[in-house]
Amino acid sequence: MTPDHPDPDRALYTISVAAQLAGVSPRTLRSYENLGLLAPTRTSGGTRLYSDNDIVRSRRVTALVDQGVNLAGVRRILDLQDENTRLREADTP
DNA sequence: TTTCTTACA
DNA sequence: TGTAAGTA
């Protein structure tokens with residue numbers, strides 16, 4: 001059940017919408033990016049555009065921080081989760 | 001009006 | 001993290 005292109009045009013959100021979807025403030029999303037935890041794309045004008053993956057990533061960061069994990073810990077866990085995802089994709093293409 | 005950066009508390 | 005200033 002993993003359709004290849006059910007919707008070729010993935011949704012992108014401006015920071016205000018992304019913040020609502022992620023349950024945080026725009027200030028927090030910018031902060032995550034400054035910390036190197038998030039990498040939303042930018043328009044030619046410089047406006048951040050958040051993908052659904054950016055939203056879920058934000059939620060993971062928020063969840064970890066809520067649990068008391070520090071910056072180093074969040075980076076580490078995110079890297080491990082990403083690597084785990086890559087490995088799964090390599091095993092089940 | 002919204003977003004951007006920088007900066008202060 | 002919230003808010004303000006000054007822009008684009």
Side-chain angles (χ1 to χ4, degrees):
Chain A
M1 288 300 190
T2 54
D4 286 35
H5 356 101
D7 96 294
D9 307 302
R10 293 175 302 178
L12 293 177
Y13 318 90
T14 55
I15 196 167
S16 59
V17 175
Q20 294 189 319
L21 294 175
V24 297
S25 69
R27 178 73 180 78
T28 300
L29 287 184
R30 293 190 182 104
S31 179
Y32 287 170
E33 182 181 5
N34 291 334
L35 294 172
L37 269 31
L38 228 51
T41 61
R42 298 272 190 138
T43 63
S44 54
T47 297
R48 280 169 258 248
L49 293 180
Y50 295 81
S51 67
D52 293 308
N53 277 330
D54 290 326
I55 306 300
V56 300
R57 195 180 174 81
S58 298
R59 300 196 93 113
R60 280 193 299 217
V61 172
T62 302
L64 292 171
V65 172
D66 285 348
Q67 290 170 7
V69 181
N70 63 24
L71 179 58
V74 173
R75 283 181 168 148
R76 203 144 204 192
I77 295 171
L78 251 37
D79 281 350
L80 290 172
Q81 292 184 328
D82 289 344
E83 183 182 351
N84 206 298
T85 297
R86 287 195 292 272
L87 291 174
R88 285 175 178 289
E89 292 174 340
D91 264 349
T92 62

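Because only heavy atoms are used, hydrogens play no part in the values below, and waters and symmetry mates are left out as well, while side chains stay in. Numbers restart at 1 for each chain; the letters A, B, ... are given by sequence-line order, proteins then strands.
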#### Entry: Residues, nucleotides or ligands: over 12 heavy atoms within 6.0 Å of A:Gln20 CD
no
### Query
Think A:Thr14 has a side-chain N or O under 4.0 angstrom from the OP1 or OP2 of B:dT3?
yes
#### Entry: Protein-nucleotide distance (A:Asn34, atom CG; B:dT6, atom P), rounded to Å
9 Å
### Task
Grab the CZ-P distance between A:Arg30 and C:dT1 for me, whole Å please.
13 Å
### Task
For A:Leu29 and B:dT3, give me the distance from atom CG to atom C1', rounded to whole Å.
13 Å
### Query
Has A:Ser25 got a side-chain N or O lying under 4.0 Å from the OP1 or OP2 atom of C:dG2?
yes
### Summary
B:dT3 -> Watson-Crick or G-U wobble partner, both distances under 3.5 Å, gives none
### Task
May I ask you to verify if any side-chain N or O of A:Arg27 is less than 4.0 angstrom from the OP1 or OP2 atom of C:dT3?
no
### Message
Measure CG/A:Leu12 against C1'/B:dT2 and give the value in whole Å, please.
### Response
17 Å
### Query
Nearest-Å distance, CD1 (A:Ile15) to C1' (C:dA8)?
16 Å
### Query
How close do A:Arg75 and A:Leu37 get, heavy atom to heavy atom, and via which atoms?
CG-CD1, 3.6 Å
### Task
Please lay out, stage by stage, how A:Ser31 and A:Asn34 fare under the test side chain to side chain donor-acceptor pair (under 3.5 Å).
CA-CA 5 Å; A:Ser31 179; A:Asn34 291 334; 5.6 Å; no
### Query
For B:dT3, does either OP1 or OP2 sit under 4.0 Å from a side-chain N or O belonging to A:Ser16?
yes
### Message
I'd like to know whether CZ of A:Arg88 has more than 12 heavy-atom contacts from other residues, nucleotides or ligands below 6.0 angstrom.
### Response
no
### Query
Taking atom P of B:dT6 as reference, at what distance in whole Å does atom CD of A:Glu33 sit?
12 Å
